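Source: prediction; values computed, not measured. Throughout, numbering of the chain's residues begins at 1 and tracks the sequence.
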Amino acid sequence: MKQKVLIVDDEESIVTLLKYNVERAGYDTDVAYNGLDALIKATEESFDLIILDLMLPELDGTEVCKRLRQKQIETPILMLSAKDDEFDKVLGLELGADDYLTKPFSPKEVLARIKAILRRSTVKVQNDDKPYIKIAELLIYPEQYEASIKGEVLTFTRKEFELLMYLAKHKGKVLSRDQLLSAVWNYDFVGDTRIVDVHVSHLREKIEPDTKNPIYIKTIRGLGYKMEEPS
């Protein structure tokens with residue numbers, strides 16, 4: 001069965017361009033031209049990825065993203081933004097978007113982002129017989145894209161989990177933001193490392209007892225981040 005992508009933009013020319021190229025790459029598509037229709041479709045139907053413009057009528061992209069995550073719908077979201085929407089891009093990531101792409105963009109770049117986001121499938125089943133990584137009270141199940149702490153199952157977006165996994169597999173090693181961008185996002189953000197900081201912040205909210213004094217993911221000033229075994 002083909003993976004299905006929901007394309008959301010109020011500009012018909014952009015929707016047509018995206019739909020043509022995404023379908024040509026082998027995906028099924030559906031479209032929406034405003035945020036309200038997008039929210040309804042994403043809630044009532046199953047998609048493997050949503051391409052979501054920030055500036056939409058009815059509901060803007062950040063509000064759509066926020067409401068989907070509040071409904072525990074973890075479909076990966078690739079946000080589209082204009083160059084001057086810097087604040088909105090960061091806000092979108094903070095609300096649960098997996099990635100963003102700045103307009104204007106090339107179809108080739110869109111497809112690269114889609115493939116990177118969909119590279120791994122998400123399976124939400126916990127099974128203690130499966131391999132796991134243990135760091136203090138944090139258990140990470142690579143095959144299930146799931147983790148738990150003190151027995152409480154945690155929910156992550158795809159990129160949050162991939163970042164957690166990479167940090168865990170390199171426990172004790174200082175990793176620069178550029179290294180994390182290359183390893184987890186698989187492409188060059190041209191030095192824009194804020195996406196790493198946003199995702200680290202999300203991880204800390206979920207695994208740290210005190211986000212102001214993290215014990216798992218430490219910031220190494222001027223260098224990057226390091227996963228540690230809490231003492």
Hydrophobic cluster membership, V64 vs I40, 4.5 Å side-chain cutoff:
yes
S182 versus R177, side-chain donor and acceptor atoms under 3.5 Å
no
Can you measure from CG (L18) to CD (E11) and round to the nearest 0.5 angstrom?
10.5 Å
Any donor-acceptor pair under 3.5 Å linking the side-chain atoms of H199 with those of E160?
no
Quick check: are there more than 12 heavy atoms from other residues, nucleotides or ligands sitting under 6.0 Å from NZ of K41?
yes
Between K171 and E228, is there a side-chain N and carboxylate O pair less than 4.0 Å apart?
no
hydrophobic_cluster_shared for L59 and V8, side chain cutoff 4.5 Å:
yes
Do the side chains of L68 and L36 join up, straight or via other hydrophobic residues, at under 4.5 Å, putting them in one cluster?
yes
Do K103 and D9 sit within salt-bridge range, that is, some charged N less than 4.0 Å from a carboxylate O?
yes
Verify the neighbour count for atom OH of Y20: are there more than 12 heavy atoms of other residues, nucleotides or ligands below 6.0 Å?
no
When rounded to the nearest 0.5 Å, the distance separating CD of Q179 from OH of Y166 is 6.0 Å
Just do the side-chain contact (heavy atoms from CB on, under 4.5 Å) check on I217 and I207 with the steps written out, would you?
CA-CA 9 Å; I217 303 176; I207 71 172; 4.0 Å; yes
CD (E205) with more than 12 external heavy atoms under 6.0 Å:
yes
Look up atom CG in L54 and atom OG in S81, then write down how far apart they are to the nearest 0.5 Å.
5.5 Å
Please determine whether a side-chain nitrogen of the Lys or Arg among D60 and R67 lies less than 4.0 Å from a carboxylate oxygen of the Asp or Glu.
no
From CD1 (I50) to CG (L78), nearest 0.5 Å
10.5 Å
Hey, could you give me the CG/OG1 distance between D98 and T157, rounded to the nearest 0.5 Å?
4.5 Å
Around atom CD of E12, are there more than 12 heavy atoms from other residues, nucleotides or ligands closer than 6.0 Å?
no
In Å and rounded to the nearest 0.5 Å, what is the CZ to CG distance from F156 to L203?
6.0 Å
Assess the side chains of Y33 and D53: does a donor N or O sit below 3.5 Å from an acceptor N or O?
no
